Amino acid sequence: MIDINLLRADPEKVKNILKIKNYDLDSGLFAEIDSNRKTLQTDAEDLKSLKNKLSKEFGELKKNNQDTSELSNQLDEIKKNLLEKEELLNKTLSHLNDFLLDIPNIPHQDVEPGNSEEDNKVIKTFGDVQKNDSIDHLEITSDIDIESAVKLAGTRFAVLKDDIAKLHRALISFMLDVAEKNGYQERYVPFMANSRSLTGTGQLPKFEEDLFKATEDLFLIPTAEVPLTNLYADSILEQGNLPIKVTSHTPCFRSEAGSYGKDTKGLIRQHQFEKVEIVQVVHPDKSDSALEDLLSNAEEILQLLELPYQVVQLCGGDLGFSSAKTYDIEVWIPSQNKYREISSCSNFTDFQSRRSKIRLNEDGNKIFPHTLNGSALAVGRTLVAIIENFYDGKNAIHVPKTLQKYLNKEVITCK
RNA sequence: GGAGAGUUGGCUGAGUGGUCGAAAGCGCCUCCCUGCUAAGGAGGUAUACGGGUAACUGUAUCGAGGGUUCGAAUCCCUCACUCUCCGCCA
């Protein structure tokens, strides 16, 4: 949620900034709704005020056994008017709210224009990539069993077996350990969330079709960002408690609506995948440096795993709805001969804290802290990267050194 | 799933139709007295939103939503959550 006062003060400026995100703000409509709201609200409150006053007088008259019929008529009239006003006001307020919930976050000043991922800027590369005709992870090992998963649930699921399942589990432990070493406190959280939480972090109301809905008002989480960030919803944090740094490993569920035909083969794009997420809540002055910190925390995992990657900064057009600034980390996938996203690290500034009502007590003033999060990392894609980057071309996958102690193995033999 | 009890400000806790945004106590803040502490005295102390340059002012909020009423923390309905017991279950 962007600051409504900013919109009131300088709508044209906001409109211009949001163009970089390809969002066309209807500033005229906003002015109209807001001015309607103002008139209706003052009118309604004046009527209520009058009603309260007259009701008191009514009580006095009753107490003294005096005639109340005149007042009674007057009050009837006021109530009728009030009912009409309130109905209009509620409509206007919900219209205004819908309007505000639809507006994306304002991009950070560092964000450059651009339309799509083609325009993202590579700001760093790490490691050497192998450019040969590698076979993909499904061909390397038969321990990724898609057929069984189709039987159980359908496409975009997988069953992992034996050493591959263990490698998958080892990665989760390893990632959590790195996060803990970097100061993140581990949390175990619900894998379902209500609409209140999902609205807070920005998935709802606009992106409901991307989610799996379980029952009325309960959705499977698309990322641990939702529970971790909403841990602090509706609360007032003390300065001494910042920065908050928390982490959690959760499965993530995504409907992948609209991605038919994309990445249909293998583990790259699944309805269910594991991820270790890191989240920070920081003072507004600190979020720029916190994003760099968070990014380096995610990068560290790839470095320890000796996986080649690049970091890109997203251009305005590719930036997510809630984000002010995002770095994607892309890992080298030999079979595709390109880098693929394995982590997304974002600064949401005060966008989520406004929606979730996360506040910070700064010397008695309640301000909105900044929230950030990043994947560290997406486990399924890390698994793919390891299988493909460390495949010896024959029948073995070399386990990266740091992982060996988690797996008690140096080599995984392909079946 | 069944039965019962409960949900009031930072906390404890009173309040069954108007004088209640809410007693009292604790905590916290300011001042006074004392001054080594401790004790004592006076006052203040919720949040959100709106209007106003401001002083100030209006509205809403006693778990949530609806209803009855001129008027609801208080009466009625629905729901959520917490606790106890029973059932079921990992």
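Predicted model, so just to flag it, every value in this text is computed and none were measured. In what follows, every chain begins at residue 1, and chains take the letters A, B, ... in the order their sequences are listed.
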>> In whole Å, I'd like the distance from the CD atom of A:Glu86 to the P atom of B:G58.
In response: 18 Å

>> Please report the distance separating the C1' of B:A46 from the corresponding atom of B:C29, rounded so that it comes out in whole Å.
In response: 15 Å

>> Can you check the distance between B:U61 and B:A3, where both ends of the measurement are the P atom (answer in whole Å)?
In response: 32 Å

> Looking at the side chain of A:Glu45, which of B:A48, B:G51, B:G58 is the nearest nucleotide?
Replying inline: B:G58

>> What I want to find out is whether A:Lys181 reaches A:Glu300 closely enough, with some N-O distance under 4.0 Å, to be called a salt bridge.
In response: yes

> Taking NZ, NE, NH1 and NH2 as the nitrogens, is one of them in A:Lys48 or A:Glu86 under 4.0 Å from a carboxylate oxygen of the other?
Replying inline: yes

> Just by distance, do the side chain of A:Asn64 and the backbone of A:Glu60 share a donor-acceptor pair under 3.5 Å?
Replying inline: yes

> At under 4.0 Å, does any side-chain N or O of A:Arg359 touch on OP1 or OP2 of B:A48?
Replying inline: yes

>> Looking at A:Asp263 and A:Arg340, is any side-chain nitrogen of the basic one under 4.0 Å from a carboxylate oxygen of the acidic one?
In response: yes

>> Roughly how many Å apart are B:U30 and B:U82, using the P atom of each and rounding to a whole number?
In response: 40 Å

> Among residues 48-69 of chain A, which residues get a heavy atom nearer than 4.0 Å to RNA chain B?
Replying inline: A:Lys48, A:Ser49, A:Asn52, A:Ser55, A:Phe58, A:Gly59

>> Applying the Watson-Crick and G-U wobble criteria at under 3.5 Å, what pairs with B:A60? Answer none if nothing qualifies.
In response: B:U47

